[in-house]
Amino acid sequence: MKRRDLLKGMGAGSVIAGASLAAPAVHAKAKYQWKMVTTWPKNFPGLGTGANQLAALINEMSGGRIEVKVYGAGELVPAFEIFDAVSKGTAQMGHGASYYWKGKSEAAQFFSAVPFGLTAQEMNAWLYHGGGMELWRETYEPFGLVPTAALNTGVQMGGWFNKEINSLHDLKGLKMRIPGLGGEVLKRLGGTPVSLPGGEIFTSLKSGAIDATEWVGPYNDLAFGLYKAAKYCYYPGWHEPGTTLECFINKEAFEALPADLQSIVLNASKVANLDGLSELTARNNEALQTLVNKHKVELRRFPDEVLQQLLEVSEEVVAEIAEKDAMSKKVYQSYKRFRDQVMQWHDVSERAYLNARAGA
Ligand code: CA
């Protein structure tokens with residue numbers, strides 16, 4: 001009896017050993033040719049190049065077993081149709097920002113930027129160690145997509161204006177390109193938010209089709225030439241305090257990969273997420289000095305009273321999303337709980353330190 005079990009065990013073991021020896025050989029030969037569609041124009045500074053870098057990382061880390069070809073907005077599908085395209089499998093990956101998909105899922109907005117929400121460091125903490133990533137996967141599951149965080153901009157700038165913003169009155173009637181929940185807040189205060197893809201912002205501001213715009217921060221905005229179309233640059237970017245850009249993968253395509261390649265795709269995204277933030281943090285101040293000293297941009301801080309009102313309205317707007325559907329409620333509750341606790345921690349760590357370092 002024992003001997004038979006032993007033989008059975010050995011037999012089974014040898015089959016498994018044989019299979020596990022053969023499997024890597026098969027996978028080593030398997031090549032995956034993937035298409036990545038993006039919401040950014042091809043090679044767009046900072047964002048389109050971020051998508052390129054992620055694709056290059058996946059190619060490199062997989063030793064060429066996954067070849068990702070990047071398509072700019074409109075090359076394969078228009079910018080705002082990439083979510084559907086990857087969901088249907090027209091392309092295997094997409095690169096964008098989750099607040100573009102609020103028409104699909106209100107909850108999606110929490111995974112890009114929330115006015116007066118989490119900073120980059122806090123966002124990554126929520127996603128990777130606070131339950132955020134699990135909720136993001138659950139939110140995209142019905143669309144057959146696997147999301148990853150693929151770049152973080154850090155705190156953005158408040159935007160470009162051709163008049164000073166001294167009170168809330170100055171926001172009334174203002175036609176401004178500002179996406180997501182920030183746009184909703186502006187609307188409540190009497191402004192008109194406009195949604196424009198990145199490629200159309202400069203000409204719209206220059207021609208006066210819009211009065212103001214926000215984009216990212218000095219490094220990206222300088223590359224865009226926004227200073228040629230507006231006089232004042234305001235800070236801080238209350239509406240986008242640490243915007244996460246995303247990569248999403250067709251779930252079937254993802255699950256067809258062997259485990260090591262799945263890990264490479266997920267971890268390449270993590271590297272890109274950190275590297276994008278590092279790059280912008282390293283470049284932003286130099287770009288800001290160029291804007292102010294060379295291009296004579298007038299740098300302004302939003303008055304406290306304006307920021308206070310924006311904060312109050314933002315809290316209302318964000319809380320209202322929780323009432324839209326069950327998933328939004330679940331994500332809102334997790335996000336809010338995390339923000340409350342990390343704010344307490346950062347009061348005695350980041351904020352206390354930054355104040356002390358500034359001599360405040
Ligand atoms: Ca922005």
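For ligands, and for the atoms within them, numbers begin at 1 and follow the listed sequence. Atoms considered below: every heavy atom in the structure, side chains included; atoms not considered: hydrogens, waters and symmetry mates.
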Original post:
Given the rule in the ring pair (Phe, Tyr, Trp, His ring centres under 6.0 Å) test, do Phe111 and Trp126 qualify, once you have shown the distances and angles that lead to the verdict?
Top reply: CA-CA 10 Å; Phe111 306 108; Trp126 178 59; 5.6 Å; yes

**OP:** Please work out which of the three classes, parallel, tilted or perpendicular, describes the rings of Phe143 and Phe83, given edges at 30° and 60°.
**Re:**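 Ring orientation of Phe83 relative to Phe143: perpendicular.
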
Subject >> Salt bridge Lys330-Glu134, side-chain N to carboxylate O under 4.0 Å >> reply: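 No.
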
Original post:
Nearest to the Ca ion (ligand 1), which N, O or S atom of Glu214 do we find?
Top reply: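 Of all N, O or S atoms belonging to Glu214, OE1 is the one nearest the Ca ion (ligand 1).
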
Original post:
Considering only N, O or S atoms, which atom of Glu240 is nearest to the Ca ion (ligand 1)?
Top reply: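 This residue's closest N, O or S atom turns out to be OE2.
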
Using distance only, find each side-chain donor-acceptor pair of residues 177-195 under 3.5 Å and give its atom names and separation, not counting sequence neighbours.
| from | atom 1 | to | atom 2 | distance (Å) |
| --- | --- | --- | --- | --- |
| Arg177 | NE | Leu196 | O | 3.3 |
| Arg177 | NH1 | Glu214 | O | 3.4 |
| Arg177 | NH1 | Glu214 | OE2 | 2.5 |
| Arg177 | NH2 | Leu196 | O | 3.4 |
| Arg188 | NH1 | Glu320 | OE1 | 3.3 |
| Arg188 | NH1 | Glu320 | OE2 | 3.1 |
| Arg188 | NH2 | Glu320 | OE1 | 2.7 |

Subject >> Presence of N, O or S from Trp215 under 3.0 Å of the Ca ion (ligand 1) >> reply: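 Yes, within the cut-off.
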
Original post:
Just wondering, is there an N, O or S atom on Thr153 that's nearer than 3.0 Å to the Ca ion (ligand 1)?
Top reply: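 Within the cut-off used here (under 3.0 Å), Thr153 places no N, O or S atom near the Ca ion (ligand 1).
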
